[in-house]
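As the structure is a computational prediction, the values presented were derived from the model and not from experiment.
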Amino acid sequence: MRWRPGWRGSLLVRLAALVGLVVVLAWGIVAAAVVVQARHEFEEQLQHQLFDLSGALLPHFGADAVSGAPSVRRPTRFAFALYTAEGRLLAASHEPPLPFQPAEGRRLRRIDYFGSDWEIVVTRDAQRLLVVGQPRDLLDRLAWEIAEDLGKPLALALLLPLPALWAVWKGLIPVRRFTAELGARSPERLDPLAVLLPRELAPVQETLNRLFAQLAATLERERRFTADAAHELRTPLAALKVQLELLHASPRPEVRERAAQRALLGLERAERLVGQLLELARLDRLAPGQGEAIELGRLAATALAEAGLPAEALELRAPLPCRGHPALLGLLLRNLLDNARRYGGGRVAVRIEGRRLAVEDEGRGAESEVLARLGERFFRPPGQHAPGAGLGLSIVRRIAELHRARVEFGNRPQGGFRVTVDFPPT
């Protein structure tokens with residue numbers, strides 16, 4: 001897995017940046033919502049004030065109110081103009097005055113005044129008409145003032161990632177402790193981790209512990225396999241060395257001939273043992289899989305022909321198709337047939353019924369103590385004189401495991417040894 005060096009690859013910095021970004025965005029959204037809502041409330045409030053002012057201002061003017069000298073400065077909050085019913089200006093707060101408006105009911109109207117948008121209200125009595133207005137940009141100024149007031153805490157919110165960074169740093173203490181525990185381990189330490197972790201990290205520790213257990217079991221199996229292989233190879237190699245020394249040193253031709261024959265037998269035994277060891281090493285690296293559709297009867301017929309056994313040795317009883325690897329199942333059959341020929345003696349039979357494969361011989365069978373250990377690597381029953389290394393049935397058991405099949409070793413009721421392999425349904 002690739003990772004970025006420095007601060008770019010830091011989970012701490014990344015989390016703090018995300019937290020800060022979320023805080024700033026949330027604060028900005030809230031501030032914008034507040035400004036919009038406040039502007040709406042101010043607009044309603046100013047409109048109410050405009051109505052109240054227009055209703056209260058008209059009675060304060062006398063019947064003979066005359067326009068004085070109105071200011072020419074730009075009005076910033078309110079302006080008014082008093083007219084007669086015919087439209088003659090009586091008084092005004094600014095020059096030019098708010099324009100005369102026809103009396104069409106007391107309601108809000110919008111006009112252009114001093115080059116800006118204004119809201120006005122027209123109020124009249126029997127002889128006069130009062131126009132009162134306020135600029136619309138007053139609302140924008142109030143909204144901007146509110147935004148400035150809210151901008152100060154927003155600027156402070158930009159500093160929130162700093163305490164967030166500290167909080168995340170504190171929260172990641174279990175991760176650093178977990179990392180330190182892993183970093184302190186040597187490659188030989190495969191015992192389970194026992195670090196107190198939060199609930200979110202507990203599955204990681206459990207997964208690593210399962211991996212450690214699998215690695216420990218694999219290494220132990222490899223060590224045992226290597227030790228047993230070295231022990232088993234030592235015997236044929238030592239015997240081969242003795243025979244070669246006799247072949248080289250003995251002056252008698254018959255002794256040299258016998259030594260050469262025994263050396264060839266030793267080489268054959270060593271060759272067979274090495275081949276079986278290589279097969280076991282290859283099988284140990286495989287994982288169980290589905291494979292392809294297989295006819296056990298056809299595989300058994302081929303294996304019998306290769307072993308030089310008659311086709312009559314095969315008995316089929318409603319065979320069912322299985323799934324597996326033809327090459328591996330062929331190797332399983334060859335080992336079972338070879339085992340039956342070497343140690344059973346007499347007739348060898350192969351029976352297939354449904355998805356059950358059985359290989360039988362007419363030998364002496366095996367004791368219950370021996371049956372319990374058959375299939376162990378390099379196990380040979382006591383008193384066994386036939387050549388072999390005790391790996392054939394181990395290979396059979398491993399191939400069956402790869403096909404999720406069940407292997408059973410037992411004795412026939414009428415005498416002899418039987419190996420049955422039950423394959424799962426497809």
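In plain terms, the two heavy atoms of Ala300 and Val350 that are nearest each other are CB-CG1, 4.1 Å. The two residues Pro97 and Ala92 make their nearest non-hydrogen contact at CB-CB, 3.6 Å. Between Leu332 and Ala400, the shortest heavy-atom contact is CD1-N, 4.2 Å.
In terms of the side chain to side chain donor-acceptor pair (under 3.5 Å) criterion, residue partners of Asp422 (sequence neighbours excluded) are, by chain and number, Arg356, Arg406. Partners of Pro321 under the side-chain contact (heavy atoms from CB on, under 4.5 Å) rule, at least two apart in sequence or in another chain, do not exist in this structure. For Arg177, the side-chain contact (heavy atoms from CB on, under 4.5 Å) partners two or more places apart in sequence, or in a different chain, are Ile173, Pro174, Val195. Every residue two or more places apart in sequence or in another chain that forms a side-chain contact (heavy atoms from CB on, under 4.5 Å) with Arg355 is listed here: Leu320, Cys322, Phe423, Pro425, Thr426. Considering only residues two or more places apart in sequence or on other chains, Arg298 meets the salt bridge (charged side-chain N to carboxylate O under 4.0 Å, His left out) condition with Glu295. Looking at residues two or more places apart in sequence or on another chain, you find a side-chain contact (heavy atoms from CB on, under 4.5 Å) between Asp191 and Arg185, Arg189. Gln101 is linked by a side chain to side chain donor-acceptor pair (under 3.5 Å) to nothing, counting only residues two or more places apart in sequence or in another chain. With sequence neighbours left out, Glu306 forms a salt bridge (charged side-chain N to carboxylate O under 4.0 Å, His left out) with Arg334. Considering only residues two or more places apart in sequence or on other chains, Thr420 meets the side chain to side chain donor-acceptor pair (under 3.5 Å) condition with none of them.
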Could you give me the CA-CA distance, side-chain angles and deciding distance for Leu208 and Leu193, then say whether side chain to side chain contact (heavy atoms under 4.5 Å, CB included) is met? CA-CA 8 Å; Leu208 284 175; Leu193 292 164; 4.0 Å; yes
Go through the steps for Val131 and Val121 under the test side chain to side chain contact (heavy atoms under 4.5 Å, CB included), then give the verdict. CA-CA 6 Å; Val131 182; Val121 173; over 6 Å; no
Audit row: Leu98, Ile111, side chain to side chain contact (heavy atoms under 4.5 Å, CB included) steps and yes/no: CA-CA 9 Å; Leu98 288 171; Ile111 64 170; 4.2 Å; yes
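For the pair Val419/Val407, a side-chain contact is recorded, criterion being any heavy-atom separation below 4.5 Å from C-beta on. Residues Ile399 and Leu331 meet the side-chain proximity criterion, which asks for heavy atoms closer than 4.5 Å. Between Arg412 and Phe417, every side-chain heavy-atom pair lies at or beyond the 4.5 Å cut-off. Counting heavy atoms from C-beta outward, Pro319 and Leu296 have side chains that stay 4.5 Å or more apart. Under the 4.5 Å side-chain criterion, counting only non-hydrogen atoms from C-beta, Val396 is in contact with Leu336.
With Trp118 as reference, Tyr113 is the one residue of Tyr113, Phe80, Phe78 to meet the ring-ring contact (aromatic ring centres under 6.0 Å, His included) rule. With Leu304 as reference, Leu337 is the one residue of Leu299, Val348, Leu337 to meet the side chain to side chain contact (heavy atoms under 4.5 Å, CB included) rule.
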List, one per line, each side-chain donor-acceptor pair under 3.5 Å for residues 308-318, sequence neighbours excluded.
{"from": "Glu315", "atom 1": "OE1", "to": "Arg351", "atom 2": "NE", "distance (Å)": "2.9"}
{"from": "Glu315", "atom 1": "OE2", "to": "Arg317", "atom 2": "NE", "distance (Å)": "2.6"}
{"from": "Glu315", "atom 1": "OE2", "to": "Arg317", "atom 2": "NH2", "distance (Å)": "2.5"}

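A donor-acceptor pair under 3.5 Å is absent between the side-chain atoms of His403 and the main chain of Leu329, judged by distance alone.
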